[in-house]
Every structure is written in structure tokens, then in C-alpha cells.
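Written out below as C-alpha cells is the structure these notes cover.
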Protein chains: 2
Amino acid sequence: MKEVTTRDQIVAVADQMFYQQGYENTSFADIANAIGISRGNFYYHFKTKDDILEAVIDRRLQDRKDMVAQWDADEESPEIRICKFIDILIVNGEKIKKFGCPIGTLSSELAKLNHPNQDGANALFGLFQAWLRCQFVALGREDDADYLAAHLLARSQGVAMLANAFQDDEFIRREVEQMHGWVAAQAALPGRGATGNC
Amino acid sequence: MKEVTTRDQIVAVADQMFYQQGYENTSFADIANAIGISRGNFYYHFKTKDDILEAVIDRRLQDRKDMVAQWDADEESPEIRICKFIDILIVNGEKIKKFGCPIGTLSSELAKLNHPNQDGANALFGLFQAWLRCQFVALGREDDADYLAAHLLARSQGVAMLANAFQDDEFIRREVEQMHGWVAAQAALPGRGATGNC
DNA sequence: GTCTATATAAGGATAGAC
DNA sequence: GTCTATCCTTATATAGAC
């Protein structure tokens, strides 16, 4: 039976608010009010705002690691696993329309702030890039697995960006369909067949 | 002979700083110092920070309108014109690696701030969407011109996002090459032939 | 049109009582 | 571990002299 500590609450609420309002635009007061603790209490758990960001990034990393691990465990083929990744755009469609991709928008914001934790945020991209890479290798595309992974990452980022700007469900649906087709085409190319783990 | 007014300077510097540092993260003091005027002087030209943002968006809109008008005037075929759009990723590659796409990052930031001028920022996307749409119509793809335009917009946004996160020139180059190929493939599809203006 | 104050508010951070 | 009170800095914005 797992106890919910104040620290956990802070990180969970900060995670959500950094996503919905942006890191800089979220104040200690915002987070404190949402939980129902005082601002002062904050500094018992975290020395600085940057420390909270670090904890939020760690949390997101763990979340995403768990997610892809689940896909690895549940889904039979790399093709289906890659499609699971693509389907995030549908599954999280409402949030993405409102706030964009949590990874992309954080990375972008920290880049503009020239924030010391930019690398941490980009590690989130790195996690998906590496995982997708594995799937393409398993699909028999070891020669250009890196590029294919980055390509798919970029496409989904682009769709998230336009979903946020245009609020267009039909566009999202159509792009997801297109990407599914693209994955199938990659799988059908010569060189296929490797199925080993990564 | 065109006089450079203080107002023009403010808008020009704000445009650059909003791009490089973000809108919220840029203060009046930042802009004032860069130009060499006092903070107080600011309010003679603009009542609020939001007013400056509006002027910056107008400026960007005019810039981009001029740019596509130049392409319309200079380039012979819609295919080449579309490639001009794609090539922004190369031409502005260094800036994009450092700060992302000026349109996408602004749209994304304003969405998180729930800023009243979100529509203005998205009008920048709209401008390119409409222009690209025209090019695809001219390419004979009137049936899905809207989608093709959004698709290409999304792809270039995705590349800009990853360029900013990963700083990878080779990836940008490869994606641009891919998109060029894609445009050529669209042009070669049946239904081609219309060349009228939009 | 530009400047020098100055008002006012908000945010990050600290000290110390409980 | 949580609270209140307070400090310090920065930011938007205003008033009024030049």
C-alpha cells in the first residue's frame, strides 16, 4: 500500500501544470494552491524551481519507459508496436489539441530559456528515438533505423504542433492513417526479417 | 528614403527577441536596452506588452506575405515554389537549430499562455497553409490540396522541432531531400495539369 | 518623443515558529 | 513536515519633467 507523499503530489501537479501552462508561466503559488499547501512548505521538498523541473522530467521519463515496456510486453510485432506510438496522437488527442505534445513543447520552451536542464528534456526525445530505433531494427531496417526513428518522431511532432494550432480532428486522423501505411511499407521493404531484441 | 522610427525599432527588436527568448521571457527592459531607449519611452509607442506582440505578429505576417509573393513572381512552377518553402529549413537552418521555427514556437507558447492573440499567431500558419494550398491546386491536386498543404506544413514543423532538439544537420538535409521527392511524386500523380492562378 | 522617477504586483527564496 | 512572515528582485505600468 503506497503512501502519497507531499513531494509526489508536488511533482504530479507540477508535471500537469508545466504541460498545460508552461514551465515559466507556472508559479510556486499555482502549484501550492492546487495541492492546498503553503508556498513555504515547498522549500522543504525542493530547493529551487529548477529542482522541481528535474523531478518532473524524471517522472516523465519513468512514465514513458513504463509505457514502451508495456508495449514491448503486450504487442506481438515491431510494426504493431510502432503503430502504438503513432496512436498516441489519437489516444491523447484532446490534450494535444489543447496543449501540444508534452515533450516537444517542454523541449522548445527550455531551448528559448536556454535552461540548464535542456538535455533532460531532450532525453525524453532520446528515449523514444532509441525505442523506435529498436523497432525498426527488429523490422529488418538496421541500416537506416536511426533515420527512420527520427523521421517518425518528427512527423508525430509536426502533427501535434498543427493539431494544437488548428484543432482539426480530421487532419490528425488522416495523418495517423498515413503513418500507419508508411510503417507497413517500411516493413514490406527488402532486408526485413530480423526479430531479435534490441 | 525611409526613416527608421523608434516604433519600427521596437517592433524589429521585439520580433527578434520574442523569437530567440520567447514572448513571456522577454521584458521591456530587454528590448529597451537593446535599442538604447528608456523603459518609460516604451509606453509612448505601445500601451501594453500585448500591443507589441500584435505589432510583431503583423510584421511577421507582412514579411511572409512578401516572401511568398516573391516566390510567386520568381519561380516558374508550383513544384519549384513548394520546394522553396521546404528549403527554408536549410536557408534558416542555423536559427532553427538554435530557436526552432518562429511561427511554431510562438503559436505553441501563446497556446500555453492562453493568450488573447493566439489567433494572430495561428494566422501565420494559415498564410502558409493557404499559399501551399494554391500551389497544390496549380499542381492539379485540387481535391486534396488542403490536406497536402497541412501535411507539408506539419512535416516541416516536425523537422524544425527535432532540429532544435537534436542539432542534427544531416537529419535536416535528409528530410528536406525526402520532402523534395515527395513533392515531385505529388506532381506526377494523375489529375495534374491545372496551372491557373489561385 | 524621450527621459527620470515611482507605483504596484508577482515570483522566487529564506527564517523561524509550531 | 507544515505554517506564517518577510526579503529581494524583476516586471508591467504610470506620472510628470524636459
Side-chain angles (χ1 to χ4, degrees), chain A residues 1-57 59 106 109-110 112-118 120-121, chain B residues 1-57 59 106 109-110 112-118 120-121:
Chain A
M1 183 148 161
K2 202 162 162 193
E3 177 190 12
V4 177
T5 66
T6 298
R7 197 198 131 98
D8 289 340
Q9 284 187 76
I10 291 175
V11 178
V13 169
D15 187 357
Q16 187 183 328
M17 294 192 118
F18 289 173
Y19 174 38
Q20 300 185 350
Q21 316 182 346
Y23 169 68
E24 245 222 327
N25 190 44
T26 301
S27 67
F28 284 6
D30 288 336
I31 302 172
N33 289 339
I35 305 177
I37 61 172
S38 69
R39 267 167 304 165
N41 188 3
F42 239 99
Y43 292 86
Y44 173 79
H45 302 281
F46 297 96
K47 282 201 227 309
T48 69
K49 198 181 176 184
D50 288 1
D51 289 341
I52 301 177
L53 175 61
E54 204 178 324
V56 166
I57 291 174
R59 179 190 154 94
L106 181 64
E109 180 178 3
L110 297 188
K112 288 217 195 286
L113 300 179
N114 201 15
H115 193 280
N117 224 326
Q118 268 168 279
Chain B
M1 179 150 163
K2 199 160 161 194
E3 175 189 12
V4 176
T5 66
T6 298
R7 198 197 130 96
D8 290 340
Q9 284 186 78
I10 291 175
V11 178
V13 169
D15 188 356
Q16 188 183 329
M17 294 192 118
F18 289 173
Y19 175 38
Q20 300 186 350
Q21 315 183 347
Y23 169 66
E24 244 220 329
N25 191 43
T26 301
S27 68
F28 285 5
D30 288 336
I31 303 172
N33 288 340
I35 305 176
I37 62 172
S38 69
R39 268 167 306 164
N41 187 5
F42 240 98
Y43 292 85
Y44 174 79
H45 301 282
F46 297 95
K47 281 200 227 309
T48 68
K49 197 181 176 185
D50 288 0
D51 289 341
I52 302 178
L53 175 61
E54 204 179 324
V56 165
I57 290 173
R59 180 191 153 95
L106 181 64
E109 180 178 4
L110 296 189
K112 287 216 197 287
L113 300 179
N114 203 13
H115 193 281
N117 225 325
Q118 268 168 279

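Below, chain A is the first sequence line, B the second, and so on; all start at residue 1.
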Step by step, would you call B:Y43 with B:D51 a side-chain hydrogen bond (donor to acceptor under 3.5 Å, both in side chains)? CA-CA 10 Å; B:Y43 292 85; B:D51 289 341; over 6 Å; no
Looking at every strand, decide which applies to B:T5 at a 4.0 Å heavy-atom threshold: base, sugar-phosphate, or nothing. nothing
For the pair made of CG in B:D30 and P in D:dT12, what is the distance, rounded to whole Å? 8 Å
Atom CG of B:D50 to atom P of D:dA11: distance rounded to whole Å? 17 Å
Return the value, rounded to whole Å, for the distance between atom CG of B:N33 and atom C1' of D:dA11. 13 Å
With a 4.0 angstrom cut-off to heavy atoms of chain A, pull out the first and last contacting nucleotide of DNA chain C, in 5'-to-3' order. C:dG11 to C:dT14
d(NZ, B:K49; P, D:dA13) in whole Å: 9 Å
Just the rounded figure in Å: distance from C1' of D:dT6 to OH of A:Y43. 13 Å
Residue list, side chain to side chain contact (heavy atoms under 4.5 Å, CB included) with A:Q21, at least two apart or on another chain: A:M17, A:N25, A:T26, A:D30
Could you tell me whether the side chain of B:N117 reaches within less than 4.5 Å of the side chain of B:D50, counting heavy atoms only? no
Rounded to the nearest 0.5 Å, how far does CG of A:L53 lie from NE2 of A:H115? 5.0 Å
Is B:F28 touching bases, backbone alone, or none of the nucleic acid, heavy atoms closer than 4.0 Å? sugar-phosphate
Given atom CD1 of B:I31 and atom P of D:dT10, what is their separation to the nearest angstrom? 17 Å
Just to be sure I understand the rule, does B:S38 reach a base, reach only the sugar-phosphate, or reach nothing, if contact means heavy atoms closer than 4.0 Å? base
Heavy-atom nearest nucleotide on DNA chain D for A:Y44 versus A:G40: which residue maps closer to 5'? A:Y44
Distance, nearest 0.5 Å, that separates CD1 of A:I31 from CZ of A:F46: 9.0 Å
Heavy atoms from other residues, nucleotides or ligands near CZ of A:R39 exceed 12 (cutoff 6.0 Å): no
